[in-house]
Structure formats: C-alpha cells, structure tokens
Asker: 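This structure is in structure tokens; I'll ask about it shortly.
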Amino acid sequence: MEPANLFTVLRRYWRLLAACTAAALVVGFLLTPAGDAVDNGKWQCKVAITPVAGAADTVRADQVLSYAQGSAVTTAAAQKLNIKDVAGLTARRTVAAESTQMLLFTTTGPTQQSCAELAQALSEATITGYAQESKKSADESIKRLRAQADAQQAQLDELQKSVSRANANDQAKLQPQLSTATAALTKTLGAIADLQNYSQTDAIQQWGSIDAKELGGSLLSSPSRGVRLTLAVVLGLSLGVVAALMLSRMDTRLRSRDGAEEAFNLPVIGEIPRLSRRLRRLREPLVTARPADPATEAFRSLRSTLLLTGPESLSAQFGQGGLDPDDRRVRRAVEPAPVVLVMSGRSGDGRTTTVANLAAALGETGRQVLVLDCDFRQPELNAHFGMDEGPGMAELLSGEQLTDLVDLIRPTRVPNVALIAGGHATAYPAALVLRAGEVLALARRYADVVLIDSSPLLNANDAYDLVQHADAVLVTMMAGNVRPEEADRVSELLARTGVPVAGVALLGAEVATGRRHRSLRLPGRLGGRPGPEPGRAALPRPVAAEPSRPEPRPEPRPEPRRPDHRRPEQQRPEHQRAADGRREPVYGAGEGGSRRDGTTSWGRRPAELPPEEPVETTMQLRLGEDR
C-alpha cells in the first residue's frame with residue numbers, strides 16, 4: 001500500500017485509532033502503581049550455602065531448602081533490613097538446590113548494595129534460623145535420650161544388685177545381661193554427647209562471597225507510570241493501525257475515482273470533497289453561500305464538464321445575456337430546454353445537494369434553471385434553498401389543488417434559479433411519476449435548463465420512470481456508501497433505457513493515487529452519439545476529447561403550426577393577461593424579485609410564435625377542464 005493510501009485509510013478510521021489508544025491508556029493506568037516505582041531488577045546477586053565440615057552426614061539438603069523457602073527466613077531478613085514490605089521482599093529472592101550439598105540464593109535490587117545486603121541477610125537468616133531449629137530439635141532429642149538413659153541406668157543397677165546377691169552359677173548366667181545393659185547405656189550416653197556437641201555448633205555455612213552483576217533493565221520492564229503509559233499509547237496505536245488495515249481490506253465500498261469508474265463503467269466527471277457538518281447545515285446552496293470554497297469550485301467544474309459533454313441545447317450560449325426576454329421565449333418554443341435527471345443508487349448519495357449546487361452553478365452562467373423536486377418520499381430541495389414547504393409537484397401531478405405549472409414555480413434567493421417543490425403527496429408516488437411526461441414537456445418552455453431530483457434508483461422505481469423523459473442523466477455517489485454490486489446494478493438499469501448518461505459525480509471524494517488499470521470507451525457528445533453498448537450505460541467523451549473547433553450547429557427548423565388548446569384567457573395577448581392582475585412567476589434573486597430591466601421574463605408563458613403542436617395528454621392541468 002502506498003503511503004498516501006495508508007494515510008487515507010487511517011484518516012477514515014480515526015475513531016477506531018482513538019478508541020484503541022484510549023483503551024490501552026486505561027489498561028496501562030490501571031496496571032501501573034501510582035507514582036514512579038523503583039526498578040528492582042537492575043542488579044542481581046547470588047550466594048551459596050553448604051554444610052559445615054563434618055556435618056554433611058547429619059545435614060539434609062531437602063530440610064534446609066524447605067526451611068529457606070519458608071516465611072521465617074524472609075521475615076527475619078526484612079526485620080534486619082528494616083523493610084516492612086515482606087511480600088515485595090519475597091518477590092525479589094529465589095532459592096534452589098544446586099546440588100545435594102549446596103543451596104543457591106538469588107536476589108535482585110535497584111542498586112548493588114541493596115541487592116548484596118538482601119543476599120547477605122537471607123544467608124545469615126537461613127544459617128541462624130536453621131541452627132536454632134537444629135538446636136531445638138537436638139535439645140528435644142537429648143531430653144528423650146536422657147530419659148532413656150535413666151531407665152537403662154536403673155535397669156543396670158538392678159542387674160548389678162542381683163549379681164552381687166547371686167551364687168557363682170547364677171552370676172555366670174546374669175553376666176551377659178549385665179554386659180548388654182551396660183553397652184546400651186553407654187550408647188545412649190554417647191548419643192547424648194554427640195547431640196550436645198551438634199547443638200553447640202552451626203550445621204551450615206555460607207560458601208564463598210556474594211556474586212553481584214548488573215542486569216541493566218529495559219523499557220518493557222520499567223515500572224514508571226509515564227514510561228508504561230507511553231508504551232500503552234504505542235501499543236494501542238499499533239493495534240488500531242492493524243485493525244484499520246484489516247477493516248479496509250474487508251470493506252468493498254467504493255471510495256475512489258478509479259473504483260467508481262470501474263464499478264459503474266462510467267466516467268467520473270466531478271469530484272466533490274467531503275463537506276463539513278457546518279457546511280451541510282446551510283439552508284442555501286454552497287455555491288452561493290461560500291463562493292470561494294473548494295467544494296464550490298468542484299461543483300463549478302462539474303457544471304463545466306456537464307455543459308461540454310451534454311446535449312447541444314445544454315451547451316448553448318443564449319443563457320448568457322445574448323438574447324432579450326422575447327427572443328429567449330421564442331428560442332425556448334423552438335428548442336425546448338434540456339432536462340437533466342440527477343439520480344443515485346442509494347439514499348445518502350448527495351443527490352439533492354448536487355441538484356441544488358449544480359442549479360446555482362448553472363445560474364452563474366446566465367442560464368435560467370428550473371428545479372423540479374420529484375422525490376415524493378423525502379422531498380428536501382426546499383430546505384436546501386431555504387424555503388418553506390408548499391404545494392408542488394405532488395399537487396400538480398395529482399391535480400388536487402393548483403394545476404397550472406406557472407402558479408407553482410417559486411423563485412429562490414439564488415440568482416437565475418426557480419423551484420417547484422415536492423409538495424405533499426397523497427397518492428402513491430409511483431402513480432404520480434407515471435404522469436410526469438406532460439408536466440416535463442411544459443416545464444421545458446419555462447427555463448433554459450430543467451433539473452430533476454428523484455428517489456434512489458435501487459430503493460424506488462420513480463427514477464427509472466423519469467429516465468425516459470430526460471435528455472441526460474447524472475449519477476451521484478457518496479464515497480463509502482455504494483458497493484460494487486449496487487453500482488453494477490445501476491449501470492445495468494441505465495443501459496436498458498438507452499438514455500445518455502453524462503457520468504458520475506463523486507461526493508466525499510478522496511485523493512486518488514496510483515495508475516488506472518483500465519480505460520473507458522468514451523463516445524462523442526451526448527446529443528449525437530450512437531446507442532449504448534449492450535448491457536452498459538452510454539458513456540460521454542471526456543472534456544479533453546472535445547475538438548478545438550466548435551461543431552456546426554444546424555439551424556432550427558420552424559415547427560408546424562399547432563392548434564392552441566389553452567383556455568380563452570390564455571389565448572389573449574400577453575399585455576391583456578397582465579392587466580387582469582393574474583400573478584406570473586418572477587425570475588430573480590429572492591421571492592418576488594425582478595429582472596434588471598424591470599420586466600418579468602422567467603415565468604412567462606410560452607410565446608405565441610410558433611403555436612403549440614397538439615399534445616395527447618394523460619391528465620388535465622386544470623380541474624374541470626374538458627378535453
């Protein structure tokens with residue numbers, strides 16, 4: 001993994017890194033004693049104990065080892081060194097039998113002196129204590145042997161009296177008994193003498209001097225709280241990095257430009273950086289609220305790419321002030337505005353945000369943009385433009401309240417942008433979308449560009465029904481929100497419609513690194529390219545592939561004269577209808593705004609020239625109107 005990709009993964013899983021670090025700190029804090037402890041393992045000392053000369057036969061090594069491992073030796077050494085922590089002292093010493101005639105004490109300490117003092121204290125406590133135990137045991141044995149000797153002496157005295165009173169024959173018979181009793185008494189008295197000598201001398205002694213050496217120590221064995229907490233932070237971060245890399249390997253969601261292009265088989269024509277929570281809470285498009293923000297420039301780049309690769313009518317220049325209002329209306333009657341459907345596979349892909357900011361970016365070029373909120377399940381465009389809820393597309397398509405398109409067009413605070421909100425849907429949303437063809441045909445004559453926001457394609461069928469009425473489709477995707485199989489499904493559904501797809505707008509984009517592993521076939525402009533490849537959505541040609549010289553555009557042909565099916569008051573001249581006081585939608589910055597020349601032009605009805613062609617409608621735009 002390249003360093004840039006590694007840092008991207010760590011930034012994505014920063015919460016996991018923070019959690020692992022915090023958990024390691026808590027564990028390290030709980031396992032470390034308060035304050036800075038002493039490193040008792042820096043020095044090591046060894047001292048050996050052996051029986052004294054001549055006592056090897058009477059001293060048993062297993063008895064000495066059992067006594068040395070007991071608590072009496074450690075307690076005596078602690079008292080001699082004035083140490084109250086007997087348990088800590090026990091942890092600093094070990095004793096083992098090196099052979100049948102030698103015991104080895106091993107002690108540790110922070111300094112050479114403390115280590116040697118502990119070894120000497122343990123050695124002396126063992127020698128002194130074992131001698132005392134031996135004397136105590138010898139005294140008990142001497143006491144028992146003396147009682148036995150007294151009994152033997154009494155028996156010997158009785159035999160001597162019997163011998164003195166007996167005749168010669170009896171004396172000969174008693175003489176062996178007398179000799180046996182005398183030998184037993186002599187043996188007992190000898191044992192008593194040996195035990196008295198044994199109890200008056202030491203049975204074991206220290207052999208040689210104390211061997212001391214420095215062990216050094218390490219960070220891992222340091223008992224300092226600061227050091228251990230530092231080690232805990234390093235360990236926690238390491239575990240967090242490993243866990244983040246494992247999760248990144250298992251996570252198949254699309255996050256990069258290359259992954260999106262490969263999954264959708266569509267070019268990414270716009271990469272929008274991730275917006276902060278503060279920017280996402282704005283009640284107006286980012287393009288107008290933060291004109292210098294990097295994300296705003298990214299939306300402008302998306303607009304430019306869409307204009308260069310979109311239909312011919314979308315890239316026309318009449319929206320930049322080259323035509324007066326009347327010529328503009330005539331042009332719309334001849335060449336209706338293109339319809340761009342902005343859709344996504346899943347909810348949360350930034351579709352509505354893209355519609356609002358793309359409309360504001362198109363408005364900066366002088367084009368008059370009409371935004372239609374056809375997401376009847378979660379209509380949110382009015383909140384993005386800072387407008388209150390009101391009647392909209394749901395009422396228009398159902399014919400329940402206001403049924404005239406111009407009455408529902410609401411100018412926004414964004415220059416050159418107007419909105420028809422989603423409204424309050426009472427019918428099933430799919431039934432409303434099926435009637436949208438006629439409304440879109442009329443909406444083309446009230447703007448230079450029509451943008452449509454729809455429901456997620458994989459969650460509802462609304463967007464799939466709207467595709468057939470669009471001139472171009474823009475797919476939005478939030479980084480980390482779509483899986484490859486979902487993107488492939490969206491591409492498959494769009495390929496079946498045959499509608500030109502401009503490309504993918506990647507929101508929350510990460511910096512792409514590395515080389516692309518495959519290339520996309522990008523045909524020419526959306527307006528005049530061949531049909532889509534079987535099984536895949538049609539792809540536009542990148543901006544760099546556009547010819548340097550503009551293509552010749554055919555002159556618009558006059559449409560055949562069409563009968564007018566409007567009401568009588570709609571057939572009257574425009575100045576007479578204005579004199580009746582009927583409200584006409586106003587195009588400008590803010591509700592109720594007007595154009596610079598003082599006239600209202602955005603929401604005017606289509607010009608009388610050329611007349612409309614007959615349209616077979618499936619719904620009535622006015623309640624009670626006879627077909």
Side-chain angles (χ1 to χ4, degrees), residues 269-270 284-293 296-340 342 354-372 381 384-385 406 409-420 443-452 471-472 474 502 525-527 543 546 550-551 553 556 584-607:
I269 62 175
E284 60 178 316
L286 184 65
V287 173
T288 56
R290 302 288 189 274
D293 192 84
T296 298
E297 295 300 329
F299 280 114
R300 293 191 180 111
S301 176
L302 174 63
R303 172 203 64 192
S304 301
T305 306
L306 187 63
L307 291 177
L308 291 173
T309 60
E312 292 288 345
S313 57
L314 186 61
S315 58
Q317 301 299 317
F318 67 86
Q320 299 182 0
L323 298 177
D324 58 23
D326 294 333
D327 293 337
R328 187 194 300 271
R329 293 195 305 276
V330 174
R331 183 65 174 270
R332 292 173 182 169
V334 176
E335 295 183 2
V339 175
V340 179
V342 181
T354 302
V355 170
N357 287 277
L358 184 59
L362 289 170
E364 290 181 340
T365 65
R367 293 172 174 80
Q368 297 175 359
V369 184
L370 176 59
V371 181
L372 306 181
L381 267 175
H384 281 73
F385 285 101
V406 71
I409 297 177
R410 302 167 61 186
T412 67
R413 293 195 295 264
V414 181
N416 299 330
V417 177
L419 169 69
I420 297 182
R444 292 174 182 267
R445 302 183 182 276
Y446 289 98
D448 298 331
V449 181
V450 178
L451 292 180
I452 303 178
D471 298 307
L474 176 63
R525 184 177 290 274
L526 289 173
V543 178
E546 289 291 330
E551 300 178 0
R553 299 177 56 192
E584 296 203 8
V586 179
Y587 175 78
E591 299 188 15
S594 60
R595 289 181 51 84
R596 296 179 181 177
D597 56 4
T599 62
T600 59
S601 62
W602 191 93
R604 289 185 179 180
R605 305 180 186 277

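Fair warning: this is a prediction, and the values are worked out from it, not measured in the lab.
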Asker: Might you point out which heavy atoms bring A359 and V371 nearest each other, and give the distance in Å?
Answerer: CB-CG2, 3.6 Å

Asker: Heavy-atom distance under 4.5 Å between the side chains of V355 and L381, does that happen here?
Answerer: yes

Asker: Who pairs with P338 by side chain to side chain contact (heavy atoms under 4.5 Å, CB included), at least two apart in sequence or on another chain?
Answerer: S313, L314, D471

Asker: Which heavy atom of F385 sits nearest a heavy atom of A356, and at what distance?
Answerer: CZ-CA, 3.8 Å

Asker: Taking the side chain from D448 and the backbone from Q368, do they hold a donor-acceptor pair closer than 3.5 Å?
Answerer: yes

Asker: Does T296 use its side chain to pair, donor to acceptor, with the backbone of A292 at less than 3.5 Å?
Answerer: no

Asker: Considering all heavy atoms of both residues, which atom of A502 and which atom of I269 are nearest to each other, and what is their separation?
Answerer: O-CG2, 3.6 Å

Asker: Please identify which of these residues, L419, V369, L474, V417, meets the side-chain contact (heavy atoms from CB on, under 4.5 Å) condition with L451.
Answerer: V369

Asker: For A337, does its backbone N or O pair with a side-chain atom of R444 as donor and acceptor, under 3.5 Å?
Answerer: yes

Asker: How would you list, by chain and number, every residue that makes a salt bridge (charged side-chain N to carboxylate O under 4.0 Å, His left out) with E364, sequence neighbours excluded?
Answerer: R300, R303

Asker: Using a 4.5 Å cut-off on heavy atoms from C-beta on, say whether the side chain of V450 contacts that of V340.
Answerer: no

Asker: Could you tell me whether the side chain of N357 and the main chain of V287 form a donor-acceptor pair under 3.5 Å?
Answerer: yes

